[in-house]
Every structure is written in C-alpha cells, then in structure tokens.
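One structure below.
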Amino acid sequence: MLCVTSTAFGPAELLLRLRDRGSAAAASPITHVERVPARAGRTAPWPAWTDPAVRDAFVARGIAAPWDHQAAAATLAWGGTHVVLATGTASGKSLAYQLPALNALTTDPKATALYLSPTKALAADQLRAITRLGIDGVRAATFDGDTGREEREWVRQHARLIMTNPDMLHHSLLPGHGRWGVFLRRLAFVVVDECHTYRGVFGSHVAHVLRRLRRAAERYGGSPTFVLASATTGDPAGTASRLIGMPVTAVTEDASPRGAVTFALWEPPLLPPSKLSMPAATEENDGFVDVELPPIRRSALRETADLLTDAVVAGTRTLAFVRSRRGAELVASMTRRALDEAVPGLGDRVAAYRAGYLREDRRAIERALLSGDLLALASTNALELGVDLVGLDAVLICGYPGTRASLWQQAGRAGRAGNEALAVLIARDDPLDTYLVHHPEAVFGRPVEATVLDPTNPYVLGPQLCCAASEAALTDADLDLFGGPPAVAAAQALAEQGVLRRRPSGWYWTHRGRPEVDLRGTGGAPVSVVETATGRLLGTVDPASSHATLHTGAVHLHQGVSYVVDDLDLEDAIALVHQEEPDWTTHARDVTNLSVVSVRSYVDAGPVGLFLGEVDVTNQVVSYQRRRIGSGEVIDTRPLDLPVRELRTVAVWFTVSPDALVAAGVEPADFPGALHAAEHAGIGLLPLIATCDRWDIGGLSTANHADTEAPTVFVYDGHPGGAGFAERAYGTAAEWLRATREAIASCVCEAGCPSCVQSPKCGNGNNPLNKADAVKVLDTVLAALPPA
Ligand SMILES: [Zn+2]
Ligand SMILES: [Zn+2]
C-alpha cells in the first residue's frame, strides 16, 4: 500500500529516484544539478525620513522592517535620484516604490503620484494593496479603459495616487494634458512597475510616452522622480535609462530570504531511429520504400508526465509548468492515466490549470493543492500572473519559458520554510533549450539577457513626434529630449511630408485630429482573429507575421487552443477561424530577398566582416505544408496567393571569404547548407542575449549575395525600422556566435535536428542544412572576430 497522504520522500530522495530511473537508459537525462543555498534575509531600519503614519501602516500589515534593498532603493528615490530596483520574484519590490510615494503624499498634502503597470490586473492588485494599508488622505484610484466617464472626472479632480498604464497615458491623459495641469504640477513620483516588459517595438513606444509625460509635467512646473521595478535582467540601469531618457541608478542586491532549492537540468533521451514506409516517388517503383526519419528526442511533455507521476507516487506536492494549454491538459491526462493504472483512484489527485478558468475554480484548485488534497497540477504560464501559490515541494518546468526571469519566477514556487525543494527544467527539442541544459552557467551564472528597446527606430520616432507635436508644438529643446539628431532628422522628414510645419516658435502638427498611433505594433493595422460562428474576437496578430501564421488553412494556436483559418482577408485585416484540432500542423513556405540599404557600423576582420545596417527585405509566403503531428510526415503542399510584403528594417550580418571557408574544410557545394544551418541556430540562440522571441527575427543566408559579393548570413528584426535585436546581436556578436557554435557542436544528433540547426519557421522546409560545416563556418568567424 502506497502512503501518499504524507510527504514520504523529500525532494532529494525524489531526485535520486528520478536519477535511478534515468540511468536505466544509456546515459542519465540529468545533465546538471545545482544546489541553490538558502539565504537569510537582511533587514534595515526604517529610513529616518519615513513618516510615522506610513511606517505604522506597514508595521500593522506585518512588515516589521524593510529588507536592505528596499530601504536602499527607497532612500535613493526619496533623495530625488531616478532608481531601478531589479531583484527576484517575491523580493518585495513594491515596498521600495510605495514607501517614497506614500511618504510624499502624507508629508505634502498637495503632492500626487502616478503608478504605471503593463496590465490592468496588476494595477488593480496595487490598488488593493494600497487600500489595505489604510493611510489617511492617499486617495488612490485606477484609471484605465474600464473607468467610466463620471469616475474619470472624479479621478482627475481628486485622486492623488493614480494607477494606470502606458496606453492610457498615450490615448487619454497626455492628449488632454490641459485638464491634468494641476495633477502634473504636483507630480512627485512616477512608478514604472515590471519595466522589463517594455521591450522591442512596444518598449520603444513606451520610452517616448514617458518622454512626453516628462515634457507635459515640466510644462506645468512638475519634475517627478522615476522609480522603476524590474525582474532580474542584464544591465537594468542602462535599459531603464534608455526607457526614461535620463540616468538611472540600479539597486540589484537582493536581501530577502529564500529557501534552499535543488535545481536539475534534464534532457529527454533520443529515441531509437525509426523508419517510415512511404509510397515510392518514382514511376518504375510502384511499391513502398523505407525512409529513415531523422532522430528525435522523447517529447518533453511525456517526460514531464512521467516525472509528475513519480512525484505523486512519492507523495510530493508538485507543480508542472507547460507552455501551451493543450500541453498542460495532455500532461495532466497522461499522469492521471499512469497513476490510475498503478493505484485506481490516485489519478484524481492530479488537475490541469489554465487561463480562462473562472476565478472561483482557480481559487478552489489552489486551495486543494496547498492543503494536499491535490498532489499535482499541470499549469500554463497563467499561474505566473499574480497568483500567490508558493511553498510547493517540487516544480517541473517543461521547456525553457523564454527568459531567466520567468524561469526563476516559476522555480520560485517551490520551497517551504526550512524544507528542501526541487526544481527541474525539462528541455524541449529546440536549440536554446538544448544549449541551456548543457551550459548550466548560462542558467545559474550572471543574468544574461538584457531588455532591448530602440527609441531611435524611425517607425516609432516619427509617429511619436507627431503625437508630441499635437500635444504642444515641438521646440528644439524638445527634440533633444526625444533623441537629438535622429529626432531632428525625423522632424525634418515629417515637415517635408507636410505632416509637421516649422515656424520660428517650433514644429506644429498640421492636422485637425490626433495622430493614430498604436503602441503595440508598427507596419499597419493588426490582423483581428475572429471566430466565424460566434463573431468573437480572439485576439490580434502583428501584420508582419499574419501571412505565415494566419493564411487560409493555417492551424493557429491561441492561448493553447487550436483553430483552423477559414479565410484571411487582408483588405479588412481579419482572419476568420473555427475551433478544430486536426492531427496535422501547417508550415508556411516563403521566398525572401534582401538588399542592403546602408551600413551603420562594421568590423573588418580580414576574411570575415561583421556589419550592422539597414536592409530592405521582401518576403512572399507562397505555399504551406501540412505535416502529421508526431511523425512529421508531409501530407501535402498547398499553394497560396498572397502579395509580396516589403520591410525596411535593421540587420546584423557576417561575411566569410570563400577561400577561408575552403581552408576550413567546407566544399563550395556545401556553402549553402553550412550557412543556412548557422543562420537557423543563430536565430534560435539570439534570445539568450536579448529578450526577444525567435519569431521576432528573420534570417537569410546565401553562398553569394549581390550586395556583399561573399557568402553571407543575415539576421534581421522582423519589425519595420528594427526593434533593437539585431543591434544587440551586433554588439555581442562574439558571445552570441560562440553560444551558437556550442549549441550545434554539442548536439549529439548526427546530421542536424530541431535541437540544433532545424527551425520550426524555416520557409525552405529546412533544406539544405549541413550541421558539421556550420560549426566550421562559425569557427572561422570566431577565429577572426576580436574577442568579446
Ligand atoms: Zn541536433
Ligand atoms: Zn531556413
């Protein structure tokens, strides 16, 4: 009889069990075990400037004293220094900005403060927290799309602490700044919470919205101090400075306490090579031929379900994070089935959890897990957002969640006071996941990824200058605020187009209405995804990726649910879809051409050249393949009739002379496959150094490019004008390409697999690819480039 009601095994025992199970195979799937030691907390006294009313309110909520980092950041802010606090989950970042802001409100009865968060839900949480403190005279209120007309009026006239988001600033508060003059004049603090989420094109827009806010405040005599809160990222001070346009001091030493965690990295084993019988392709042969399929790894979902089963049998309360909703449900059902086979009824102690559940259902599931009625939960990342579920025995992370910040946020759910906890990262069949389980220093070492944004992107800068000019004429000093020379050039271009008019007193917006600018995208209207039967709007997709992901017949995943596209109407920017889970996936095939417009910067390294510059990319999605789920077998290829798209963007590229490649042992006939493989892996590894998704970037490789007249690999930002990713890749090229080389070289597959050089988004069906020669290409480049 199994005892499952008590914790029969601790995490260390569980890990041993898992390792035993793994070692039955040829090699253990555990590639690394890291012990993250417990850390005692370090408190500081309440800063001397703290108003007793504010201090007492925190003490009454059980906070006897602030942690060291909270006091340090709060004191800097109180002294008027712009500050960013970049520490881990549950390290109490909110106290660090609440303390100076609330102190300003209680010590100066006229002062006001603004709190900005990327989501409405976070602002609502913040309002609840402030309200619970019950400090007299604070008058906090949210101001967002849900705020009614009358309520908005009350907020504008009476609220002193306003919780809002960048979109509301952009669409409502800044255009109507005249009515907000009193609030802006008295503005003491601007809090920018979760500021690492302002990245890429969206982040670049938000950077300008904050500059517009600074300008508007200054107009009425206000000069607020900015307090930013960020997850742990590389270079938080640099990113925060770029975001607000002024120097920012970073506080990064986390002084909050933490329980010990044993963290294992896990790589599912390769399956034995399989053969597939396919109809023969030739006329003479009318039978079937055996086709050798490329080796694939056991799926991360299956591995996770097995580990979850073991954990439940061991009586450990475990949470598994799975990236898609369908995946989470699959893991839960596989685990239930395995448990019921062992002990009938045991499967009832496993559940799935995802966004879309009603709040009450979610609370019930959370309670059952905390009480031990449930032993295992398979969840999507929905749990990441503001749910207070901590103190579990073990956390399984199925697939790298994209950033170290999310990884630690998920792993941070494990650990009870005084108890050892276990976290396991299970790699998916993907170059970045594979790289990470073989390079623990990239997971456990210093933070590697920096949040990337580029306020000088002309496609962001131009529209934002229009917004600013429509709020108040732009002076030359304003153009300094918006970026200096690039802003001057953009204003001149807008004047030539007749959008702005230059007068002695400044640059004026010439139109009647306000400019229509969407903070969350560039390059035309986003495509709406609409369910045909119900007319329900499921979401929107950036026009840049709509051709490849929403073409007629495409299988489209939205929040983990599968839909099939009935029709893509480009004129109205609508894709009509219906819910369906076919047993195939779709893969768009495209034709890409790229020409170099200008070179911004380059490194001349003998046989190798490294460049950053503007490029024009034309891309046409011409057909798509349907492939069987599981085997990957191609069912058919269907033509599509979509127009050519043009994109002017920023690219990083490297060239290698043909002689150097031949000297490295690459035959000219193999140039295309070698460069193509290096390009794929390079794109797959870019998220390691910049917080982007591989879907944000594109690539092109060619054995002889018309503009470079050499074998070349291009990697470009998939957004008009660039989002800063290519620039980041250029700046850290040696580090980026070395990781790329390692990812390919250390993969145990023979000729290339999804873990190294194959790409799920290849427009060429992953053909040709030459894994071994890609390593030679990268070795040649790395030998020539100056070290990082
Ligand atoms: Zn491989
Ligand atoms: Zn490709």
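When a residue number appears, it is its place in the shown sequence, counting from 1.
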task: With side-chain contact (heavy atoms from CB on, under 4.5 Å) as the test, would you mind laying out the steps for Val350 and Leu339 before giving the verdict?
output: CA-CA 9 Å; Val350 179; Leu339 286 169; 3.5 Å; yes

field: Criterion side-chain contact (heavy atoms from CB on, under 4.5 Å) on Gln126 and Thr142, from CA distance to verdict
entry: CA-CA 9 Å; Gln126 192 59 215; Thr142 52; over 6 Å; no

- prompt: Could you go step by step and tell me if Val443 and Leu407 meet the side-chain contact (heavy atoms from CB on, under 4.5 Å) rule?
  reply: CA-CA 9 Å; Val443 178; Leu407 183 76; 3.6 Å; yes

query: Going through the distances and angles, do Asn165 and Leu116 end up as a side-chain contact (heavy atoms from CB on, under 4.5 Å)?
result: CA-CA 5 Å; Asn165 53 60; Leu116 300 173; 5.8 Å; no

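Residues Ala575 and Leu568 come closest through the heavy atom pair CB-CD1, 4.1 Å. Among all heavy-atom pairs drawn from Val437 and Ala427, the shortest one is CG1-CB, 3.7 Å. Shown here for Val322 and Ala328, the closest heavy-atom pair between the two residues is CG1-N, 3.6 Å. The two atoms that bring Leu537 and Ser528 nearest to each other are CD1-CB, 3.6 Å, heavy atoms only. Across Val577 and Asp566, no two heavy atoms sit closer than the pair C-OD2, 3.6 Å. Looking at every heavy atom in both residues, Arg336 comes nearest to Gly347 through CG-O, 2.9 Å.
Rounding to the nearest 0.5 Å gives a distance of 15.0 Å between OH of Tyr400 and CD1 of Ile426. Between the CG atom of Leu265 and the NE2 atom of His439 there is a distance of 12.0 Å, given to the nearest 0.5 Å. Rounded to the nearest 0.5 Å, atoms CG (Leu688) and CH2 (Trp736) are 11.5 Å apart. The line from CG of Leu127 to OG of Ser117 is 11.0 Å long, rounded to the nearest 0.5 Å. With values rounded to the nearest 0.5 angstrom, Trp408 atom CH2 is found 14.0 Å from Ser91 atom OG. With rounding to the nearest 0.5 Å, the separation of OG in Ser379 from CZ in Arg323 is 13.5 Å.
At least one cation-pi condition fails for Arg628 and Trp584: the charged atom is not both under 6.0 angstrom from the six-membered ring centre and inside a 45 degree cone around its axis.
Outside the 6.0 Å centre-distance limit, the rings of Tyr563 and His578 are not counted as a close aromatic pair. In this structure, Phe263 has its ring center no closer than 6.0 Å to that of His32.
Under the 4.5 Å side-chain criterion, counting only non-hydrogen atoms from C-beta, Val634 is not in contact with Arg626. Counting only heavy atoms from C-beta outward, the side chains of Cys756 and Thr434 never approach each other to under 4.5 Å. Under the 4.5 Å side-chain criterion, counting only non-hydrogen atoms from C-beta, Ser759 is not in contact with Ile683. Proximity of Arg39 to Ser256: side-chain heavy atoms (C-beta onward) are separated by under 4.5 Å at one or more points. Side-chain contact between Glu581 and Ser562 is present, with at least one heavy-atom pair separated by less than 4.5 Å. Side-chain contact check for His556 versus Leu550: some heavy-atom pair is nearer than 4.5 Å. A heavy-atom distance below 4.5 Å is not found between the side chains of Val527 and Ile574. Side-chain atoms of Leu308 and Val331, non-hydrogen and from C-beta on, do get closer than 4.5 Å to each other.
Checked for salt-bridge contact, Arg337 and Asp340 miss the test: no charged N lies under 4.0 Å from a carboxylate O. No salt bridge links Asp373 with Arg349; every basic N to acidic carboxylate O contact stays at or beyond 4.0 Å. Using a cut-off of 4.0 Å between Lys/Arg side-chain N and Asp/Glu carboxylate O, Asp306 and Arg298 are scored as salt-bridged. Salt bridge annotation for Asp193-Lys93: absent, with no cationic side-chain nitrogen under 4.0 angstrom from a carboxylate oxygen.
Under 3.5 Å, the side chains of Thr197 and Glu194 contain no donor-acceptor pair of N or O atoms. The closest side-chain donor-acceptor pair between Glu742 and His438, if any, does not fall under 3.5 angstrom. Ser755 and Asp429 share a side-chain donor-acceptor pair at under 3.5 Å.
No option in Thr318, Leu377, Leu369, Leu422 other than Leu369 meets the side chain to side chain contact (heavy atoms under 4.5 Å, CB included) test with Leu392.
Using bins of under 30°, 30° to 60° and over 60° for the plane-to-plane angle, the ring pair His551/Tyr624 lands in the tilted bin.
Proximity of a side-chain donor or acceptor of Thr239 to a complementary backbone N or O of Pro236 within less than 3.5 Å is not detected. Put simply, the side chain of Lys771 gets close to the backbone of Cys747: a donor and an acceptor are under 3.5 Å apart.
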